[in-house]
Amino acid sequence: MSERIIGIMGAIPQEINGVVNLLSNKEEHEIGQRHYYTGELNNQKVVVVYSRVGKVAAATTVSTLILEFKITELIFTGVAGGIHSNVKIGDIVLGQSLIQHDMNASPLFPTFEIPMLGKAYFEANPFQLEIATTAILDLLEEQHLHNVISEKDLNKFNIHEPQLHVGLIGSGDLFFSTTAKKEKLQQNLPEILCVEMEGAAVAQVCYEFGIPFIIIRTISDDADDHSTMDFNSFIEKVSNVYSIEIIKNIIK
């Protein structure tokens, strides 16, 4: 049986730097213009890396984690824009399934289906999903995040009682910054909870290699005309802390 090694990814440095700082026996490795950090977190071997933004960058990075570092499972953490009306800024979305909303090879293949794979939706492993759900709910029910994020910062983003949502995440090489784009996506895929730019590509690669994965997203904006407001501040003050606390709680 292969040794358990957990890959931890984010798209940008701010999403994983806090996790890197938690590692013991840390070593840095540079491959393909990426910096991979190996070490231990709560006595568990992990490899932490940021992929850069977009599906190609994410697919390249997770492939390296699998082939070079021999990870046996993956956690991806970062921010997303809320699409569903029930999803609010500060909420957490756990990807039960993921879809590439910008994949369209019709009429040769059905819309959203990945050519040659015969799949449009990539499902998370139920066991990992249950572990992550329990870990996140523990943090939310105990209001732990209110202990590690200042009331000033929570109030700034109108975060009071963040909720966990489990369902469909949409990924594409497109930043949603207009209400018109958001409404069009809702018409095409009304069940989507949020959008981001990496998760479904990561999920596809993991599916092809048989690697269980979990995609965890903190809602940073409403994916509309106001989506760029205080984006960097939110990542620094809120989502970075979410990522640290959630991953610590998953890897006990």
Side chains of Ile214 and Leu129 in contact at under 4.5 Å (non-hydrogen atoms):
yes
Asp91 (side chain) donor-acceptor with Gln163 (main chain) under 3.5 angstrom
yes
Residue Lys45 excluded, over 12 heavy atoms near NZ under 6.0 Å
no
Rounded to the nearest 0.5 Å, how far apart are CD1 of Ile8 and CG of Leu74?
9.0 Å
Side chains of Ile92 and Ile246: closer than 4.5 Å at any heavy-atom pair?
yes
Excluding sequence neighbours, so at least two apart, what forms salt bridge (charged side-chain N to carboxylate O under 4.0 Å, His left out) with Glu245?
Lys248
Heavy-atom closest contact (Gly10 atom, Ile16 atom, distance)
N-CG2, 3.3 Å
Do Pro115 and Met103 come close enough that some side-chain heavy atom pair is under 4.5 Å?
yes
Salt bridge (Lys or Arg N to Asp or Glu O under 4.0 Å) pairs touching residues 57-79, sequence neighbours excluded, are Arg4-Glu73
Around atom CD of Glu161, are there more than 12 heavy atoms from other residues, nucleotides or ligands closer than 6.0 Å?
no
Counting N and O atoms only, with roles assigned by atom type, does the side chain of Asn42 sit under 3.5 Å from a partner on the main chain of Gln44, one being a donor and the other an acceptor?
no
Set out, in order, the CA-CA distance, both residues' side-chain angles and the distance that settles side-chain contact (heavy atoms from CB on, under 4.5 Å) for Phe213 and Val205, then state yes or no.
CA-CA 10 Å; Phe213 64 86; Val205 174; over 6 Å; no
Apply salt bridge (charged side-chain N to carboxylate O under 4.0 Å, His left out) to Lys237 and list each qualifying residue two or more places apart in sequence or on a separate chain.
none
Hey, are the side chains of Tyr242 and Leu139 touching, using non-hydrogen atoms and a 4.5 Å cut-off?
no
Do Ile215 and Val202 come within less than 4.5 Å of each other through their side chains, counting heavy atoms only?
yes
As a quick check of understanding, evaluate side-chain contact (heavy atoms from CB on, under 4.5 Å) for Tyr36 and Thr61, giving each step before the final call.
CA-CA 9 Å; Tyr36 298 81; Thr61 308; 3.6 Å; yes
Residue pair Ile159, Ile149: steps toward the side-chain contact (heavy atoms from CB on, under 4.5 Å) verdict:
CA-CA 11 Å; Ile159 300 171; Ile149 302 174; over 6 Å; no
Given Val62 and Ser51, is the side-chain contact (heavy atoms from CB on, under 4.5 Å) satisfied, shown in steps?
CA-CA 8 Å; Val62 73; Ser51 63; over 6 Å; no
Grouping I, L, V, M, F, W and Y whenever their side-chain heavy atoms are under 4.5 Å apart, do Val238 and Val241 come out in a common cluster?
yes
Taking only residues two or more places apart in sequence, or in another chain, which ones meet Asn158 in a side-chain hydrogen bond (donor to acceptor under 3.5 Å, both in side chains)?
His160
Looking only at heavy atoms, which two atoms of Ile219 and Phe234 are closest? And how far apart?
O-CZ, 3.2 Å
To the nearest 0.5 Å, how far apart are CZ in Phe112 and CG in Leu189?
4.0 Å
Single-linkage hydrophobic cluster Phe175~Val56, side-chain heavy atoms < 4.5 angstrom:
no
Smallest separation among heavy atoms of His146 and Pro162, with atom names:
CE1-CD, 4.1 Å
Which atom pairs, donor and acceptor, lie under 3.5 Å between side-chain atoms of residues 75-84 and protein residues at least two apart or in another chain?
from	atom 1	to	atom 2	distance (Å)
Thr77	OG1	Ser243	OG	2.7
His84	ND1	Asn86	N	3.0

Residues that Gln100 engages under side-chain hydrogen bond (donor to acceptor under 3.5 Å, both in side chains), provided they are two or more places apart
Lys55, Gln204
Where do Val53 and Glu198 come nearest, in terms of heavy atoms and distance?
CA-OE2, 3.4 Å
Answer with yes or no whether the hydrophobic clustering places Ile99 together with Phe109; edges join I, L, V, M, F, W, Y residues whose side-chain heavy atoms lie under 4.5 Å apart.
no
Could I get the full list of ring-ring contact (aromatic ring centres under 6.0 Å, His included) partners for His29, not counting sequence neighbours?
Phe69
By side-chain hydrogen bond (donor to acceptor under 3.5 Å, both in side chains), which residues pair with Glu15, not counting sequence neighbours?
none
Is there a side-chain contact between Thr64 and Arg34 in this structure, where contact means two heavy atoms from C-beta onward sitting under 4.5 Å apart?
no
Output for pair (Ile131 CD1, Ile251 CD1), nearest 0.5 Å, gives 10.5 Å
Counting only heavy atoms from other residues, nucleotides and ligands, does the tally under 6.0 Å from CD of Glu151 exceed 12?
yes
Whether Gln96 side chain and Leu94 backbone form a donor-acceptor pair below 3.5 Å:
no
Taking all non-hydrogen atoms of both residues, which atom of Leu98 and which atom of Gly199 are closest, and how far apart?
CD2-C, 3.5 Å
Between Ser233 and Lys156, is any pair of side-chain heavy atoms under 4.5 Å apart?
yes
Is the shortest side-chain heavy-atom distance between Lys182 and Leu185 below 4.5 Å?
no
Only distances under 3.5 Å count here; give the side-chain donor-acceptor pairs of residues 17-24 to other protein atoms, sequence neighbours excluded, each with its distance to 0.1 Å.
from	atom 1	to	atom 2	distance (Å)
Asn17	ND2	Pro13	O	3.3
Asn21	ND2	Asn17	O	3.3
Ser24	OG	Glu40	O	3.3

With sequence neighbours excluded, tell me which residues meet side-chain hydrogen bond (donor to acceptor under 3.5 Å, both in side chains) with Ser150.
Asp153
If you look at every heavy atom in Ile250 and Ala135, which pair is closest and at what distance?
CG1-CB, 3.6 Å
Point-to-point distance, once rounded to the nearest 0.5 Å, from NE2 of His101 to CG of Asp173
8.5 Å
Separation between CG (Leu164) and CG (Asp138), nearest 0.5 Å, reads 11.0 Å
Pairwise distance CG(Leu108) to CD(Glu113) - rounded to 0.5 angstrom
11.0 Å
Output side-chain donor-acceptor pairs under 3.5 Å for residues 116-124, partner residues at least two apart or in another chain, one line each.
from	atom 1	to	atom 2	distance (Å)
Lys119	NZ	Tyr121	O	3.0
Lys119	NZ	Glu123	OE1	3.3
Tyr121	OH	Glu191	OE2	3.2

Counting only heavy atoms not in Asn43, do more than 12 fall under 6.0 Å of its CG?
no
Partners meeting salt bridge (charged side-chain N to carboxylate O under 4.0 Å, His left out) with Lys88 (sequence neighbours left out)
none
